[in-house]
Amino acid sequence: MIQEYYQFTGSNISKYIPFIKDGLEFHFEYYKMLQQRRDGKDYNENEKLVLSPSHACETYHGSNAANLVAALRKNLEMVLLLPNEWVSTKEKNKYKEYLTHVPELSFRNREGRKVISPVSETDKASTLKNREIPQLYPVFPYGIYALGLPDLEVGINTWKYGLDKAKGSWFANIHPSDSYPQKVEWWGWTQQAIMLARLGLTNETKSYVMKKLANSRGTVDFDSEQRMRFPVFYGPVFDWMPDMNWAGSGMIAVQEMLLQTIAKNGKEIRVLPAWPEEWDVKYKLHAKNNTTVECSFKKGKIMNVDISPSTRKDDLVLPMHLK
C-alpha cells in the first residue's frame, strides 16, 4: 500500500522506507533460519526460499503460500523502482539477489488447465478452512496476472476451475458439498468482484457488484425484504454492522471496472476495462504518476476521454469494442 501510494502520488515516503526494508529482510532471514534448522542450508535444491510453514490467508495451510510469494515478488520489484536516496545501489543489488531466491508460484491442473495453487503441497491445496481466495491474490492486490500482462488465461482459469468445493471441509455443513463457497459467499469483505474486474470478466464482475452494492438488508437472510434505514449500513454476516469492508470492496471493484493501471509498471492506463456496455457513466479518477482521467460513456459508446497531464495520452488503452 505504501509503495502504491508512492506510485500514484510521487509523495515523500522516506519515513516508511525502514519499515519496507525490515519487512522484506525479516521474511528472508526468518525463513532462511527455519530452513537451516531443517537441513542446514539457506535455500532448497533450486536455490529458492522455502516459505514453510506459511498460510494462504486463513483458508489453506502449507508451504509457499501464493499470497506470500506474490507479495514478496511484487514488493521487491517495486522497491527497485524507488529513488537511490531512499534505497541505495548496494541495497538494490541485495534485493535483486533476493528476487532470484523468491520461489515461483505453484500450479495445479484442473480439467486439463493450468491454475494457480494456493500452497505448494497439492494435497493441502483443496481443503478449505475459510473462504478467502489466496490463489487469486496474484491478481489482486499484487497485479501479477491482469489485463495487459502475460498469461492472463492462467488467472481466468484459476477462477473458473481452480477453486475448491465444500466437500471435506466444515463448509459442507452450510453448503452443498459440490458447491464452491469461495464463489457463493460474495458478501462482506470478499473480493471476487475486484479480481474479476482485473481479469476482464465483465459480466461476472457486474453480477457480483450489483449484489455487493444493493441496499443493505441488515439480515443474513438474503431473500428477506427487510432493509436498513440507512442503505449503506451493510452487514451483518461475518462480523458487525455497518461493515465498511463490505462497501469498500464493492467500491474498489467499481473503480477497477472503470480504470486500471497495472501493466508496464503502472504506466499503462486502461479505460473501462470491465465496464458493461449497457451502463452509462461519467467519472474522474486518479491514475498512477500524478495523472487524472475523465471519461464519459453513454449508450454503449465512449463520448470523450480527457487525461491530465496530456503527455500521458499515449499510455491510454481503450477497449476495442467500446471505441
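Fair warning: this is a prediction, and the values are worked out from it, not measured in the lab.
Checked against Val271 for a side chain to side chain contact (heavy atoms under 4.5 Å, CB included), the options Leu318, Val317, Ile307, Leu258 give a single hit: Leu318.
Judged as a salt bridge (Lys or Arg N to Asp or Glu O under 4.0 Å), the pairs with a partner in residues 166-193 (not counting sequence neighbours) are, in order, Arg131-Glu185. Evaluation of the salt bridge (Lys or Arg N to Asp or Glu O under 4.0 Å) test over residues 187-204, restricted to residues two or more places apart or in two chains, returns Arg198-Glu256. Applying the salt bridge (Lys or Arg N to Asp or Glu O under 4.0 Å) test to pairs two or more places apart or on separate chains, those with a residue in residues 257-275 are Glu268-Arg270.
Smallest separation of non-hydrogen atoms from Cys295 and Leu272: SG-CD1, 4.1 Å. Counting all heavy atoms, side chain and backbone alike, Pro276 lies closest to Phe297 at O-CE2, 3.8 Å. Scanning both residues, Asn64 and Leu49, for their nearest heavy atoms gives OD1-O, 3.9 Å.
Between Glu25 and Lys94, the closest side-chain pair of non-hydrogen atoms falls below 4.5 Å. You'll find the side chain of Leu72 reaches within 4.5 Å of the side chain of His27, heavy atoms only. In this structure the side chain of Glu132 reaches within 4.5 angstrom of the side chain of Glu58, judged on heavy atoms. Between Leu82 and Ile17 there is a side-chain heavy-atom pair separated by less than 4.5 Å. In this structure, Arg108 and Pro118 have side chains that are in contact, with non-hydrogen atoms separated by less than 4.5 Å. Between Val79 and Gln3, some side-chain heavy-atom pair lies under the 4.5 Å cut-off. With contacts defined as side-chain heavy-atom distances shorter than 4.5 Å, the pair Leu99/Leu80 qualifies.
Considering only residues two or more places apart in sequence or on other chains, Ser179 meets the side-chain hydrogen bond (donor to acceptor under 3.5 Å, both in side chains) condition with none of them. Partners of Glu47 according to the salt bridge (Lys or Arg N to Asp or Glu O under 4.0 Å) rule, which considers only residues two or more places apart in sequence or in another chain, do not exist here. The side-chain hydrogen bond (donor to acceptor under 3.5 Å, both in side chains) check on Ser120 picks up nothing, with sequence neighbours excluded. Among residues two or more places apart in sequence or in another chain, the side-chain contact (heavy atoms from CB on, under 4.5 Å) test is passed with Asp22 by none. By the side-chain hydrogen bond (donor to acceptor under 3.5 Å, both in side chains) test, Asp315 is found to be paired with Arg312, residues two or more places apart in sequence or in another chain being considered. Applying the side-chain contact (heavy atoms from CB on, under 4.5 Å) rule to Gln35 yields the partners Arg38, Asp39, Val50; only residues at least two apart in sequence or on another chain are considered. Shown here are the salt bridge (Lys or Arg N to Asp or Glu O under 4.0 Å) partners of Glu97, two or more places apart in sequence or in another chain: there are none. With sequence neighbours left out, Asn173 forms a side-chain hydrogen bond (donor to acceptor under 3.5 Å, both in side chains) with no residue at all.
A parallel orientation is assigned to the rings of Tyr30 and Phe26, their planes being inclined by less than 30° (bins at 30° and 60°). The aromatic rings of Tyr137 and Tyr142 are tilted relative to each other, their planes meeting at an angle between 30° and 60°.
Linking Ile, Leu, Val, Met, Phe, Trp and Tyr residues whenever their side-chain heavy atoms come within less than 4.5 Å places Trp246 and Trp189 in a single cluster. Put simply, Leu213 and Phe238 are part of the same group of oily side chains (I, L, V, M, F, W, Y) that touch within less than 4.5 Å, one to the next. With hydrophobic clusters built from ILVMFWY side chains whose heavy atoms lie under 4.5 angstrom apart, Met303 does not share a cluster with Trp275.
Cation-pi geometry between Lys211 and Tyr208 is satisfied (NZ or CZ under 6.0 Å from the ring centre, within 45° of the ring normal).
For the residue pair Thr291/Asn289, the side-chain donor-acceptor check at 3.5 Å is not satisfied. Side-chain contact of Asn84 with Lys92: a donor-acceptor pair under 3.5 Å is present, judged by distance alone. Donor-acceptor pairing under 3.5 Å is recorded for the side chains of Lys212 and Thr190.
Atoms CG and CZ, from Asp42 and Phe28 in turn, are 11.0 Å apart once rounded to the nearest 0.5 Å.
Ring pair Tyr98/Tyr95: centre-to-centre distance below 6.0 Å.
A salt bridge between Lys206 and Glu278 is present, with a side-chain N of the basic residue lying under 4.0 Å from a carboxylate O of the acidic one. Ionic pairing of Glu77 and Arg73 is present here: one or more N-O contacts between side-chain nitrogen and carboxylate oxygen are shorter than 4.0 angstrom.
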Could you list the donor-acceptor pairs under 3.5 angstrom formed between side-chain atoms of residues 109-116 and any protein atom two or more places apart in sequence or on another chain?
residue	atom	partner	partner atom	Å
Asn109	OD1	Gly112	N	3.0
Arg110	NH1	Tyr161	O	3.1
Arg110	NH1	Leu163	O	2.9
Arg110	NH2	Asp164	OD1	2.5
Arg113	NH1	Glu111	O	3.0

For the pair Lys32 and Tyr43, evaluate side chain to side chain contact (heavy atoms under 4.5 Å, CB included) and give the outcome as yes or no after the intermediate values. CA-CA 7 Å; Lys32 280 162 59 176; Tyr43 304 111; 3.7 Å; yes

Under the criterion ring pair (Phe, Tyr, Trp, His ring centres under 6.0 Å), I'd like the reasoning laid out for Trp86 against Tyr6: C-alpha separation, chi angles, the key distance, then a yes or no. CA-CA 12 Å; Trp86 296 341; Tyr6 172 73; 5.4 Å; yes

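More than 12 non-hydrogen atoms from other residues, nucleotides or ligands lie less than 6.0 angstrom from CG of Asn46.
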